[in-house]
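Down below is the structure, laid out as structure tokens.
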Amino acid sequence: QVQLVESGGGLVQAGGSLRLSCAGSGNTFSATAVGWFRQAPGKDRNFVAAITWSGDTTYYADSVKGRATISRDSAKNTVYLQMDNLKPADTAVYYCAADNLEAKLRIGVPSYWGQGTQVSVSS
């Protein structure tokens, strides 16, 4: 099975930064779209950002534009989400997701999910 493992979450004060990592097994991210979703307790899961593995196309939710940067490291088979100027509203469990079809990832029905990493932003 494809394995996605998130890390890098934690507790940060408002205005701080975190870099989340999503490590894929083997050649998991080759020619695929990879992205991040987040879900706060009792809330819906929302799209955050995505990147195509082989290209330079990126997508961001309006809520994080200008504060988030998604990137990839092919050698490490890892996708990163750099979050700057964090706000309390960013508090959520962040999930890595992947699919061979970009459209499936964008609409929230990717084939693969990670286990999630908690991001908590204090006031």
Side-chain angles (χ1 to χ4, degrees):
Q1 289 185 327
V2 173
Q3 299 289 324
L4 303 175
V5 180
E6 302 99 327
S7 62
L11 176 61
V12 185
Q13 290 187 341
S17 298
L18 285 173
R19 188 177 73 162
L20 308 182
S21 299
C22 175
S25 61
N27 202 28
T28 302
F29 294 153
S30 181
T32 65
V34 183
W36 293 88
F37 293 77
R38 65 186 183 185
Q39 186 170 27
K43 305 293 185 180
D44 293 333
R45 187 188 305 120
N46 295 318
F47 172 79
V48 177
I51 187 171
T52 57
W53 190 247
S54 60
D56 60 355
T57 304
T58 58
Y59 307 89
Y60 297 97
D62 289 341
S63 59
V64 301
K65 284 182 178 178
R67 301 187 298 116
T69 303
I70 188 168
S71 61
R72 55 182 168 85
D73 186 329
S74 296
K76 297 181 179 180
N77 206 33
T78 300
V79 170
Y80 303 97
L81 181 67
Q82 176 71 35
M83 296 282 289
D84 299 315
N85 191 25
L86 286 162
K87 305 174 181 180
D90 295 319
T91 296
V93 176
Y94 284 68
Y95 297 92
C96 181
D99 201 283
N100 288 323
L101 296 176
E102 179 182 334
K104 286 183 62 184
L105 179 65
R106 293 281 304 282
I107 66 175
V109 290
S111 296
Y112 309 105
W113 292 96
Q115 84 288 350
T117 185
Q118 176 72 49
V119 172
S120 299
V121 184
S122 64
S123 301

On a heavy-atom basis, which atom in [X] and which in [Y] lie closest, and how many Å separate them?
X    : Y    : result
A49  : Y60  : CB-CD2, 3.7 Å
V5   : Q115 : CA-OE1, 3.6 Å
P110 : A98  : CB-O, 3.5 Å

Worksheet item: By side-chain hydrogen bond (donor to acceptor under 3.5 Å, both in side chains), which residues pair with S120, not counting sequence neighbours?
Response: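 Only Q118 meet the side-chain hydrogen bond (donor to acceptor under 3.5 Å, both in side chains) criterion with S120.
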
Item to complete: Please name all residues satisfying side-chain hydrogen bond (donor to acceptor under 3.5 Å, both in side chains) with Y95, sequence neighbours left out, ordered by chain then number.
Response: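 If we apply the side-chain hydrogen bond (donor to acceptor under 3.5 Å, both in side chains) test to Y95, skipping adjacent residues, there are no hits.
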
Side-chain heavy atoms of [X] within contact of [Y], under 4.5 Å:
X    : Y    : answer
C96  : V34  : yes
R38  : L81  : no
Q82  : S71  : no
T117 : S7   : no
M83  : W36  : no
Q13  : S122 : yes

Worksheet entry | Main-chain N/O of S17 paired with D84 side-chain donor or acceptor, under 3.5 Å | no

Worksheet item: Where the side chain of N77 meets the backbone of G24, is there a donor-acceptor pair that is under 3.5 Å apart?
Response: yes

Worksheet item: Roughly how far, to the nearest 0.5 Å, is the SG atom of C22 from the CD atom of E6?
Response: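 Taking CD in E6 and SG in C22, the distance rounds to 5.5 Å.
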
Worksheet item: CG of L105 to OG1 of T32: how many Å apart, nearest 0.5 Å?
Response: 8.5 Å

May I ask whether [X] and [Y] are part of the same hydrophobic cluster, defined by side-chain heavy atoms of I, L, V, M, F, W, Y residues being less than 4.5 angstrom apart, directly or through others?
X   : Y    : value
V93 : V121 : no
V12 : V64  : yes
Y59 : Y112 : no
L20 : I51  : yes
F47 : I70  : no

Set of residues satisfying salt bridge (charged side-chain N to carboxylate O under 4.0 Å, His left out) with respect to [X], sequence neighbours excluded:
X   : answer
K87 : none
K65 : D62
D44 : none
R67 : D90

Practice prompt. With R45 as the cation and F37 as the aromatic partner, state whether NZ or CZ is under 6.0 Å from the six-membered ring centre and within 45° of the axis.
Written response: no

